[in-house]
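For reference, the structure is listed below as structure tokens.
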Amino acid sequence: MNYVKAISDALELAGYAASGIKYLVDHSGDITKKLTELAKMLNSAKKLMDTAADVVPIDNLLDKAEEEGVSTSDGVDTANTTEPAARPEVPVHVPKPKTPAFLKAAADRVAEFADEQKAGFERRKLEAEMLKAVHDSKQKVLEGATMRLPMTKLVEQLASDDEAIRIANLGVLDASGCFAIARYGKLDFGKDLTDYTGIYVGKDACVGEGIARTILPTGNSDVYADLKYKQNVWVYVFSCVPDKLDEKYEALVQLLEARESYNRTEADAAKTVA
């Protein structure tokens, strides 16, 4: 119950009673009767005020009103100078922002791209290592040939009067084996033996005869054209026993990539027959 309001209502009721007395004096002929009724009303108002005062003393109510900043006179509020008690801080849970789908997709694509770049780098590195290994193998095989010299030099030696050189050459050329005829650039003097621009690989039970047939107009057209137009042509001879001839020939063709060069005509002919 709001005791302050109850007392205010009682005082207002007393005011009404005073107004009633004036009205009765001015307008009623039976003053005694009306005064008696008025006395009863005042007595009731007094009892209400006494009851309210007994429950909560007026002084205490006024003090409390001042403490709480309730109006006590002339409608002016008494300022509440008491500092408000500090409210305990309640931890606020801030949800972690959700990454937009398009940003996540972009991040995933960046990661995939990084993986692709790494894989590409590893692939290129492996390819470079393989190319170097092939290059070194070619160089080693060509350097290890039984005979290696420019074609013009071979022709000169075969036509030479130097019996020792002729016997040495014939000893190699009369034996079974494989041979390679390669064309180089004009200024290439054979330092990098793998730097040929065209190559033909052959085999024969007599290497000399095999070379001779190859350089004729009826032989390999590419080799014949190189010699005709005085290109820088070198010849390599690889002596080999007859039963290993086919195996060595195939290994040389693959390693020196002759089927992608001057041996392609033979490869095309084989495909046509098949």
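Along the sequence shown, residues are numbered consecutively beginning with 1. What you see below is based on every heavy atom in this structure, not just the backbone, and it leaves out hydrogens, waters and symmetry mates.
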Should Asp226 and Met151 be marked as a side-chain contact (heavy atoms from CB on, under 4.5 Å) after you check the CA-CA gap, both sets of side-chain angles, and the distance that decides it? CA-CA 11 Å; Asp226 289 341; Met151 182 66 76; over 6 Å; no
Please say yes or no: joined through hydrophobic side-chain contacts below 4.5 Å, possibly via intermediate residues, are [X] and [Y] part of one cluster?
| X | Y | answer |
| --- | --- | --- |
| Val235 | Tyr224 | no |
| Leu252 | Leu245 | no |
| Tyr196 | Val141 | yes |

Less than 4.0 Å between a side-chain N and a carboxylate O, is that true for Glu129 and Arg124?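 Salt bridge flag = no for Glu129 with Arg124.
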Salt-bridge criterion met for Asp136 and Lys132 (N-O under 4.0 Å):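 Looking at Lys132 together with Asp136, the answer is yes, because their closest N to O distance falls below 4.0 Å.
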Does Tyr236 form a side-chain contact (heavy atoms from CB on, under 4.5 Å) with Met147? I'd like the steps, not just the answer. CA-CA 6 Å; Tyr236 300 86; Met147 176 186 292; over 6 Å; no
Ignoring hydrogens and angles, tell me if any N or O in the side chain of [X] forms a donor-acceptor pair with the backbone of [Y] under 3.5 Å.
| X | Y | result |
| --- | --- | --- |
| Asn220 | Thr214 | no |
| Gln139 | Leu193 | yes |
| Ser176 | Cys206 | no |
| Ser261 | Ile199 | yes |
| Gln231 | Tyr229 | yes |
| Thr197 | Arg183 | yes |

For salt bridge (Lys or Arg N to Asp or Glu O under 4.0 Å), just list the numbers for Glu250 and Arg259, CA-CA rounded to whole Å, side-chain angles, deciding distance to a tenth of an Å, and then say yes or no. CA-CA 10 Å; Glu250 190 60 34; Arg259 285 196 180 92; 2.9 Å; yes
Closest heavy-atom pair and its distance - Tyr184, Asp195: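 Minimum heavy-atom separation between Tyr184 and Asp195: CD2-O, 3.5 Å.
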List the atom of Val201, the atom of Tyr249, and the distance in Å for their closest heavy-atom pair.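 Closest pair (atom of Val201, atom of Tyr249, distance): O-CE1, 3.4 Å.
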Going through the distances and angles, do Glu209 and Asp174 end up as a side-chain contact (heavy atoms from CB on, under 4.5 Å)? CA-CA 8 Å; Glu209 291 182 3; Asp174 285 346; over 6 Å; no
Are Asp222 and Arg264 close enough, and set up right, to give a salt bridge (Lys or Arg N to Asp or Glu O under 4.0 Å), and what steps lead you there? CA-CA 10 Å; Asp222 292 313; Arg264 63 179 176 273; 3.6 Å; yes
When rounded to the nearest 0.5 angstrom, what distance separates [atom1] in [X] from [atom2] in [Y]?
| X | Y | atom1 | atom2 | value |
| --- | --- | --- | --- | --- |
| Asn263 | Leu256 | CG | CG | 9.5 Å |
| Ser137 | Leu255 | OG | CG | 6.0 Å |
| Lys244 | Glu247 | NZ | CD | 5.0 Å |
| Leu173 | Leu154 | CG | CG | 6.0 Å |
| Lys248 | Asp243 | NZ | CG | 12.0 Å |

Evaluation steps, salt bridge (Lys or Arg N to Asp or Glu O under 4.0 Å), between Glu143 and Lys138: CA-CA 8 Å; Glu143 287 178 344; Lys138 288 180 179 179; over 6 Å; no
In sequence, state the C-alpha distance, the side-chain angles, and the governing distance for Leu227 and Ile181, and then conclude on side-chain contact (heavy atoms from CB on, under 4.5 Å). CA-CA 11 Å; Leu227 293 173; Ile181 302 175; over 6 Å; no
Salt bridge (Lys or Arg N to Asp or Glu O under 4.0 Å) assessment of Glu122 paired with Lys125: CA-CA 5 Å; Glu122 294 296 333; Lys125 180 180 177 182; 5.1 Å; no
Students often mix this up, so state it plainly: with edges at 30° and 60°, are the rings of Tyr200 and Phe179 parallel, tilted or perpendicular?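 Tyr200 and Phe179: tilted rings.
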